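Computation of the quantities below employed the complete heavy-atom set of this structure, encompassing side-chain atoms and omitting hydrogens, waters and symmetry-equivalent molecules. No experiment lies behind these values; they were computed from the predicted model shown.
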Amino acid sequence: MNCRPISKHESITLQGFKHACHAMLYARSEEKLFRRIPVRYAVLMQMRFDGRIGFPGGFVDLQDCSLEDGLNRELYEEVGCTLRLSDADHMCSHVTDTPQKLVTHFYTKELSLAELHQVEAGAVSAKEHGLEVMHKYAIAMGLIRVPLFTLRDGVGGLPAFFATNFIGNARDELVDALRHLRLINEERLASALKSVTNRNEFYF
């Protein structure tokens with residue numbers, strides 16, 4: 001897949017390209033897993049109907065609405081989120097022309113932990129939760145949290161999560177967001193990514 005960065009302004013001038021918007025919702029957390037492993041940040045992703053991991057969102061028709069209005073509609077339909085994302089929440093855009101002409105727009109928004117809990121609780125009653133709607137392709141099967149910790153075995157937690165099957169460039173978007181927002185120590189992030197590479201070399 002030939003994927004390159006592009007400005008949002010330039011992307012909307014492209015002819016013959018589809019646009020897809022997705023968002024990473026996150027919150028600072030003082031919670032501890034098993035009462036001893038600091039969570040630090042709760043970061044939400046989504047299990048799709050095809051078994052792959054991605055971010056909530058979907059295709060947006062610029063003839064009908066703006067990117068942000070389309071994204072907010074998708075978030076409401078998929079996870080019941082009534083929070084409004086704006087241009088200020090836009091992080092990056094990428095364009096590819098194979099296998100289809102597509103521009104992906106990625107947004108991040110920090111919530112309070114209480115707001116994030118509300119999103120998690122409301123997702124199960126969202127319009128498209130767990131349903132395969134024929135005119136859609138990214139149907140939500142449920143929200144999941146990204147484990148930003150690594151267990152003592154060096155595999156469990158973030159390294160194992162990175163080895164999951166992600167849709168499109170969702171893993172790259174996650175890594176870029178974790179770095180850009182400084183949600184995880186760079187050394188821990190690099191170690192988790194290296195662990196995935198080593199595991200792939202071992203198994204394949």
**OP:** Evaluate side chain to side chain contact (heavy atoms under 4.5 Å, CB included) for Phe162 paired with Leu174, printing each intermediate quantity in order.
**Re:** CA-CA 10 Å; Phe162 277 151; Leu174 172 62; 3.8 Å; yes

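- Cluster annotation: Val155 and Phe149 are assigned to distinct hydrophobic clusters (Ile/Leu/Val/Met/Phe/Trp/Tyr, side-chain heavy-atom contacts under 4.5 Å, transitive).
- Taking each heavy atom of Leu75 and Gly57 in turn, the nearest pair found is CD2-N, 4.4 Å.
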**OP:** List the steps, then state whether side chain to side chain contact (heavy atoms under 4.5 Å, CB included) holds for Arg179 with Glu186.
**Re:** CA-CA 7 Å; Arg179 280 199 173 110; Glu186 176 62 31; 3.0 Å; yes

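- Here the CG-SG distance, from Asn72 to Cys81, works out to 7.5 Å after rounding to the nearest 0.5 Å.
- Within the 4.5 Å cutoff, the side chain of Asn165 has no heavy atoms near those of the Ile53 side chain.
- When all heavy atoms are compared, the tightest approach of Leu113 to Arg28 is CB-O, 3.8 Å.
- In the displayed structure, His117 atom NE2 is contacted under 6.0 Å by more than 12 heavy atoms of other residues, nucleotides or ligands.
- Leu148 has its side chain out of reach of Arg188: every pair of non-hydrogen atoms, C-beta onward, lies at least 4.5 Å apart.
- Around atom CD of Glu187, no more than 12 heavy atoms belonging to other residues, nucleotides or ligands sit under 6.0 Å away.
- To the nearest 0.5 Å, atoms CG (Leu158) and CG (Leu151) are separated by 10.5 Å.
- Atoms OG1 and CD1, from Thr96 and Ile6 in turn, are 11.5 Å apart once rounded to the nearest 0.5 Å.
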**OP:** Could you give me the CA-CA distance, side-chain angles and deciding distance for Gln46 and Val79, then say whether side chain to side chain contact (heavy atoms under 4.5 Å, CB included) is met?
**Re:** CA-CA 9 Å; Gln46 178 187 76; Val79 298; 4.0 Å; yes

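- His105 and His90 have tilted rings, their planes meeting at an angle from 30° to 60° on a 0 to 90° scale.
- Minimum interatomic distance between Pro159 and Gly154 (heavy atoms only, all atoms of both residues): CG-O, 3.7 Å.
- A salt bridge between Arg145 and Glu31 is present, with a side-chain N of the basic residue lying under 4.0 Å from a carboxylate O of the acidic one.
- In terms of heavy-atom proximity, Leu143 sits nearest to Ala123 at CD1-CB, 3.6 Å.
- Hydrophobic clustering, with ILVMFWY side chains joined whenever heavy atoms are under 4.5 angstrom apart, keeps Ile37 apart from Val146.
- Remark: Lys109 fails to qualify as a cation-pi partner of Tyr26 under the 6.0 Å distance and 45° angle criteria applied to the six-membered ring.
- Side chain of Glu74 to backbone of His22: no donor-acceptor contact under 3.5 angstrom is found.
- Atoms CZ and CE, from Phe55 and Met24 in turn, are 6.0 Å apart once rounded to the nearest 0.5 Å.
- The six-membered or imidazole ring of Phe166 lies near that of Phe161, with a centre-to-centre distance under 6.0 Å.
- No continuous path of ILVMFWY side-chain contacts below 4.5 Å connects Ile144 to Val39, so the two sit in separate hydrophobic clusters.
- There is no path of hydrophobic side-chain contacts, each under 4.5 Å, that joins Val103 to Ile167.
- Between the NE2 atom of His180 and the CG atom of Leu178 there is a distance of 11.5 Å, given to the nearest 0.5 Å.
- Within the 4.5 Å cutoff, no side-chain heavy atoms of Asp89 are placed close to those of Thr108.
- Put simply, the side chain of Asn169 never gets that close to the backbone of Asp172: no donor and acceptor are under 3.5 Å apart.
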If you look only at distance, which donor and acceptor atoms sit under 3.5 Å apart when one is on a side chain in residues 62-69 and the other is two or more places apart or in another chain?
| residue | atom | partner | partner atom | Å |
| --- | --- | --- | --- | --- |
| Ser66 | OG | Asp69 | N | 3.1 |
| Ser66 | OG | Asp69 | OD2 | 3.3 |
| Glu68 | OE2 | Lys8 | NZ | 2.8 |
| Glu68 | OE2 | Tyr107 | OH | 2.6 |
| Asp69 | OD1 | Arg84 | NH2 | 3.1 |

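- The shortest side-chain heavy-atom distance between Ser29 and Tyr41 does not fall under the 4.5 Å cut-off.
- More than 12 heavy-atom neighbours from other residues, nucleotides or ligands sit within 6.0 angstrom of CD on Gln100.
- Atom CG of Leu44 sits about 7.5 Å away from atom CG of Leu111, to the nearest 0.5 Å.
- Across Gly54 and Met45, no two heavy atoms sit closer than the pair O-CB, 3.4 Å.
- Between Leu25 and Leu116, the shortest heavy-atom distance links the atoms O-CD1, 4.2 Å.
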**OP:** Dump the intermediate steps for side chain to side chain contact (heavy atoms under 4.5 Å, CB included) on Phe17 and Val95, then the final yes or no.
**Re:** CA-CA 9 Å; Phe17 281 77; Val95 61; 3.5 Å; yes

